[in-house]
Amino acid sequence: MRIDLDKLKTAAETVRASMERNKVPGLAMAFLRDGEQVWVETLGFSDPARGLSVTEQTHFEAASLTKPAFGYVVLHLADAGVLQMDAPLCEYLPDALPTEDPRFTAATAAHVLSHGTGLPNWGRQPLPLAFAPGEGFQYSGTGYAFLQTAVERLTGRRLDDLMQTELFDPLGMEDAAMIWTRPLNRTLARTWDEDGAAEPARASAQHSVGVEPNAAFSLYVTIVDYPKFLQHVLSEKGFAQRVRSVRNPAGHGVEWGLGWGLYRELLWHWGDNGGFKSFVCFDPDTRDALLIHTNGANGLRTCFDVAEHCTGFGFADIAAMIAGAE
């Protein structure tokens, strides 16, 4: 995949048409070429009711784009000997299993990061297991939350503190946060539903009544933050090969590696927290990448319109896999 620099110059017109068609009020996008950021643009409104435009300081819920960031930290904890990627997680958490199915005792961190535990996405515990760990694909936020609990116990640190010191601070992600706060709401975009109606402003964290960090979805970022993470993984020797060391078939030609979706040469992920939709992908060979955040429930359609316009790459198989994943 290559970012077409000429197409970037005309992207705004295509983006605005897609935003209008899909009732998406605001968007922020960033593009990297050869590992360096070459374009950042913000369009539309962060809060249409108040006439506030999206800027580089606007926060979005990154949603499941949290998972690759958490997965990166897990891999480095494994390098440090804190945990083993292929060791059963029940060795670390024998008293807190999310299912009563005895097959789950074989589940590992590698199974979690590649969605191979057999656990459902979410639900009330004890949860059913769709298959034995390592014998299928089922997208699972619950799996990530379970791995989070193991990591917190092994390190003696809450996830937000761990992410801050191990990722955000070293990479200069100054506005990234793992927990919702009322001050953050001052810069957090307002979302629109599928019909183009404004949703209520956040009065608490989207998926929780509290402010506990969650490895599956609770990252808040501006368009300035996440590209720093992308630049870092693009520059880290052997990172893509390590992610690809596990290839769990997910359907439509898509596989899942350690924290990232795999499709042809691309590593990618999507985010979906209701009215917040996002998409990221990069090509380890060309070292080109794109990142798009939106605040509309139909935002993934616009994400793919933008991605296809700027790369000429086809994302239909990825879109089909996403449609069946959650």
Closest non-hydrogen contact found for Gly314 with Tyr263 is O-CE2, 4.1 Å
Carboxylate-amine/guanidinium proximity below 4.0 Å for Arg242 and Asp79 | yes
Distance from Ser64 atom OG to Asn273 atom CG, nearest 0.5 Å?
-> 6.5 Å
May I ask you to check whether Phe104 and Phe146 place their ring centers less than 6.0 Å from one another?
-> yes
Kindly indicate whether the side chain of Lys277, heavy atoms from C-beta on, has any atom under 4.5 Å from the side chain of Asn298.
-> no
Arg103/Glu135 salt bridge by N-O under 4.0 Å criterion = no
Under 4.0 Å between a Lys/Arg side-chain N and an Asp/Glu carboxylate O for Glu166 and Arg157?
-> yes
Is Leu266 reachable from Met29 through a run of hydrophobic residues whose side-chain heavy atoms are each under 4.5 Å from the next?
-> yes
Pair Gln57-Thr222, side-chain donor/acceptor within less than 3.5 Å | no
Is it true that Asp288 and Arg2 have a side-chain N and a carboxylate O under 4.0 angstrom from each other?
-> yes
Going by distance alone, is a donor N or O of one side chain under 3.5 Å from an acceptor N or O of the other, for Trp39 and Gln37?
-> no
Step by step, work out the side chain to side chain contact (heavy atoms under 4.5 Å, CB included) result for Phe229 and Phe168.
-> CA-CA 9 Å; Phe229 172 55; Phe168 302 159; over 6 Å; no
Going by atom types only, do Lys67 and Tyr72 share a side-chain donor-acceptor pair under 3.5 Å?
-> no
Verify same cluster id: Val246, Phe131 (apolar side-chain graph, 4.5 Å) | no
Going by an N to O cut-off under 4.0 Å, is there a salt bridge joining Arg153 and Asp95?
-> yes
Would you name the heavy atoms of Asn295 and Phe45 that are closest together and state the gap between them?
-> ND2-O, 3.2 Å
Nearest-0.5 Å distance, CG of residue Asp175 to NE2 of residue His59 | 5.0 Å
With Phe282 as partner, the option from Trp260, Phe313, Trp268 fulfilling ring pair (Phe, Tyr, Trp, His ring centres under 6.0 Å) is Trp260
Does the pair Asp193 and Lys23 meet the rule for a salt bridge (Lys or Arg N to Asp or Glu O under 4.0 Å), with working shown?
-> CA-CA 8 Å; Asp193 65 19; Lys23 302 174 183 177; over 6 Å; no
Verify salt bridge (Lys or Arg N to Asp or Glu O under 4.0 Å) between Arg244 and Glu255, making sure each step is shown before the conclusion.
-> CA-CA 9 Å; Arg244 290 167 169 164; Glu255 298 171 299; over 6 Å; no
Using only heavy-atom distances, determine whether the side chains of Asn248 and Ser114 contain a donor-acceptor pair under 3.5 Å.
-> no
Is there a side-chain contact between Leu167 and Phe70 (heavy atoms, below 4.5 Å)?
-> no
How many angstroms lie between atom CZ of Phe60 and atom OG1 of Thr187, to the nearest 0.5 angstrom?
-> 10.5 Å
Throw together a table of side-chain donor-acceptor distances under 3.5 angstrom for residues 118-125, partners on residues two or more places apart or in other chains.
residue: Asn121; atom: OD1; partner: Gly141; partner atom: N; Å: 2.7

Between CE of Met173 and CG of Leu219, what distance do you get to the nearest 0.5 Å?
-> 6.0 Å
